[in-house]
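Scroll down for the structure; my scribbles are underneath it.
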Amino acid sequence: NLTARLQETFRRLRGKGKLSERDVDEALREVRIALLEADVNFKVVRDFIARVRERACGQEVMASLTPGQQVIKIVNSELTELMGGRESKIQYSPKPPTVIMLVGLQGSGKTTTAAKLANLLKRQGKHPLLVASDTRRPAAIRQLQVLGEKVGVDVVATREGDDAVRVAKQGVARAAAIGRDVVIIDTAGRLHIDDELMDELARMKGEVNPSEVLLVVDAMTGQDAVNVAGTFNERLGLSGIILTKLDGDARGGAALSARAVTGRPIKFVGVGEKVESLEPFHPDRMASRILG
Amino acid sequence: LGRKVALDDEFFEELEAILLQADVGVKATARLLRGLEARAAGARPGGGANDLINHLKEEVLEMLGPREPLRKTPSGATVIMVVGVNGTGKTTTVGKLGYRFRREGSKVILGASDTFRAAAIEQLEIWGERAGADVIRHEEGGDPGAVAYDACQAAKARRADYVILDTAGRLHTRVNLMEELKKVRRVVEREIPGAPHEVLLVLDATSGQNAIAQARTFKDAVEVTGIALTKLDGTAKGGVVLAIREELGIPVKLVGIGEGLEDLRDFDPVEFAEALFA
Ligand SMILES: Nc1nc2c(ncn2[C@@H]2O[C@H](COP(=O)(O)OP(=O)(O)OP(=O)(O)O)[C@@H](O)[C@H]2O)c(=O)[nH]1
Ligand SMILES: Nc1nc2c(ncn2[C@@H]2O[C@H](COP(=O)(O)OP(=O)(O)OP(=O)(O)O)[C@@H](O)[C@H]2O)c(=O)[nH]1
Ligand SMILES: [Mg+2]
Ligand SMILES: [Mg+2]
């Protein structure tokens, strides 16, 4: 792992006497490799290494008896800071119902996460309503209905092929009519480069006025995370990110990429297929996971 | 070597950036660039950047290996198992594949072996309808092996040319789920000689290096024979398939380029190599 490799690097370098900046650069090359292997975006890695280099060339490393450990400490603390704070809460609207939109690429876990979120908020004393705005994918509506039943949350649905924006509006209107305080809108997966579908989301946002637009990102996403998160944020304005499938062994560098390019908080993480498998985001755990 | 201006460090760094951003990965990128340096050293003086890029494309083609077609049995039903982690596009790919075989005039049976995920069976039934293929299914919560068994029996009874089994998405780290998949494979082996003729691992083109671990684990569990690389219509390049081919010997056979019935293509290594540098 990285700690072992850095300690080995410094052991070899120290053998030659006093440490130099070039020695630190060599150590940082190991960090760079670790981050790239963890799927952190190439440019994000470059910026991160530049940021860390300054501290790594300071006294805390150069004068240390264990420079390898010091570099790890610096990298870990910088990475944790970049991961953001622990903001695993929903922004509620002063004027209910609070509307939450879940958006993202195909297959990232939106529908499952919608049900998980409804489950979580219900347990926190809220009265959520789910809205099946994916009128495109075969049996998507049915999928959300089955999950809704599982968590005991009603699902507003019309029919496959209906206008997604209209279904979303209907859902919010229904929530207001029956006194539900949270509306969670599941949307169809789409490519960030599909202008028509990105416009549809922008229109939906305009119509339902969400307090949260959460980008659902698969933890195994590679370099493309920066393009996806960046574009969704530019076109829609995101309020947060949910990282899914963290129960696997993907290092999850996409988390850093998404944070770096949007500045938005990662609010929750999906850690399984069950409806209970949604947890608050821990920046320090994510940082050590990425470093490996 | 006065015209070496195009072959300097900065140019190699640019190439490295392109490959890394295409998800080729650190090790495979290093291998490709070392191979390139060797070729550049032996190259004719005056050769410029374009020569190097063409060399690199040749290296990529070498890594990808020759095109390998989907396997087909000469008599009886060809059984194709479709596997992979959650959300990669398995069910959709089963539908597209069924449609392709139907267009060729073949009789196709789809097996709804994902008995776990909400509305997975309904989703496959819609695809079966679109493709003109029979769908063999049980109830949600049923035994995936039993569905596979029935799909094979139906294939024999109805003289189908293809049985395509859709399985539940599962993270390769879930040992019990990988055991379940092995069991499905054993059922199929018993029921039809030579089956499964093809075990397709469906990989999402947006995935990073974790795809290598997925490929390794699925290969060890159920002997993957080919990859279907989906969502190549996005901006991700799917470069991880280079390392998978090199380290595990698994070829890419199909690519998914959209969500429609016809959005399935045979893998074209030349097109893929070109797209890496586009
Ligand atoms: N292991 C694991 N699987 C997950 C997690 N979240 C979602 N999944 C699975 O990922 C697959 C895709 O989930 P969906 O909820 O259908 O994804 P989606 O984003 O709605 O997909 P589209 O609507 O097609 O864009 C399903 O098999 C889910 O069970 C998670 O945190 N862990
Ligand atoms: N853009 C694009 N989307 C695709 C492609 N292939 C599949 N999809 C979409 O990806 C999402 C997931 O597809 P599924 O077929 O449900 O994936 P799966 O692997 O069966 O998912 P699980 O069974 O839940 O593990 C759907 O929204 C599909 O329409 C592709 O080639 N391009
Ligand atoms: Mg969905
Ligand atoms: Mg499926």
Side-chain angles (χ1 to χ4, degrees), chain A residues 32-34 36-43 45-46 105-112 115 136-150 160 188-194 217-228 231 244-245 247-254 272-273, chain B residues 16-27 29-30 85-92 95 116-127 129-130 140 168-174 177 203-211 213-214 217 230-231 233-240 258-259:
Chain A
R32 176 175 181 264
I33 289 174
L36 288 171
E37 288 180 335
D39 292 322
V40 180
N41 179 270
F42 179 82
K43 296 203 171 93
V45 173
R46 189 190 50 200
L105 292 183
Q106 291 89 345
S108 60
K110 299 173 293 298
T111 305
T112 310
R136 197 168 283 119
R137 165 175 152 157
I141 295 173
R142 181 84 199 116
Q143 184 187 3
L144 191 64
Q145 287 173 326
V146 171
L147 291 173
E149 216 165 298
K150 215 177 211 156
E160 210 170 290
R190 68 204 63 215
L191 296 177
H192 52 297
I193 53 172
D194 187 327
V217 179
D218 192 324
M220 67 179 189
T221 309
Q223 297 289 309
D224 204 39
V226 118
N227 302 327
V228 177
T231 308
T244 61
K245 308 177 203 173
D247 46 315
D249 60 0
R251 297 262 291 275
E273 293 193 75
Chain B
E16 185 195 48
I18 290 174
L19 293 172
L20 288 174
Q21 291 182 95
D23 287 309
V24 170
V26 173
K27 293 203 181 74
T29 297
V85 303
N86 307 72
T88 55
K90 298 177 292 301
T91 306
T92 308
F116 169 75
R117 207 210 66 209
I121 297 171
E122 286 88 329
Q123 184 188 7
L124 188 68
E125 285 186 311
I126 293 172
W127 280 108
E129 226 168 289
R130 290 178 180 181
E140 192 171 301
R170 68 204 67 220
L171 293 186
H172 54 291
T173 45
R174 293 285 307 270
L177 296 182
L203 289 181
D204 190 325
T206 66
S207 44
Q209 300 307 298
N210 192 251
Q214 294 170 27
T217 310
T230 60
K231 309 178 199 173
D233 45 317
T235 49
K237 307 269 177 149
V240 69
E259 302 189 68

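Throughout, protein chains are lettered first and strands after them, A, B, ... in sequence-line order, and every chain is numbered starting at 1.
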By a 4.5 Å heavy-atom criterion (distance strictly below it), what part of A:Arg32 contacts chain B: side chain, backbone, both, or neither? side chain
What is the minimum heavy-atom distance between A:Ala139 and B:Ala119, and which atoms define it? O-CB, 3.8 Å
So, the part of A:Leu105 with a heavy atom under 4.5 Å from chain B: the answer is side chain
At their closest point, which heavy atom of B:Asp23 faces which heavy atom of A:Asp224, and how far apart are they? OD2-N, 4.5 Å
Please classify the contact between A:Ile33 and chain B as side chain, backbone, both or neither, with a heavy-atom cut-off of under 4.5 Å. both
A:Lys43 side chain reached by B:Gln21 side chain, heavy atoms, under 4.5 Å: yes
One option among A:Asp39, A:Asp194, A:Val146 has the most heavy-atom pairs under 4.5 Å with chain B, and it is A:Asp39
Report yes if the side chains of A:Glu160 and B:Ile126 come closer than 4.5 Å at any heavy-atom pair, otherwise no. yes
In terms of heavy-atom proximity below 4.5 Å to chain B, should A:Asp247 be classed as side chain, backbone, both, or neither? both
What I'd like to find out is whether the side chain of A:Arg142 reaches to under 4.5 Å of the side chain of B:Gln123, using heavy atoms alone. no
Under 4.5 Å between any side-chain heavy atoms of B:Thr88 and A:Met220, yes or no? yes
Side chain from CB out, backbone as N, CA, C, O: work out which of these in A:Glu273 comes under 4.5 Å of a heavy atom of chain B, or both, or neither. side chain
So what's closer than 4.5 Å to chain B heavy atoms on A:Arg137: side chain, backbone, both or neither? side chain
In terms of heavy-atom pairs under 4.5 Å with chain A, the winner among B:Thr92, B:Thr235, B:Val240, B:Leu171 is B:Thr235
So which part of A:Asp249 gets closer than 4.5 Å to some heavy atom of chain B, the side chain, the backbone, both or neither? both
Heavy-atom proximity to chain B below 4.5 Å, by part of A:Glu149: neither
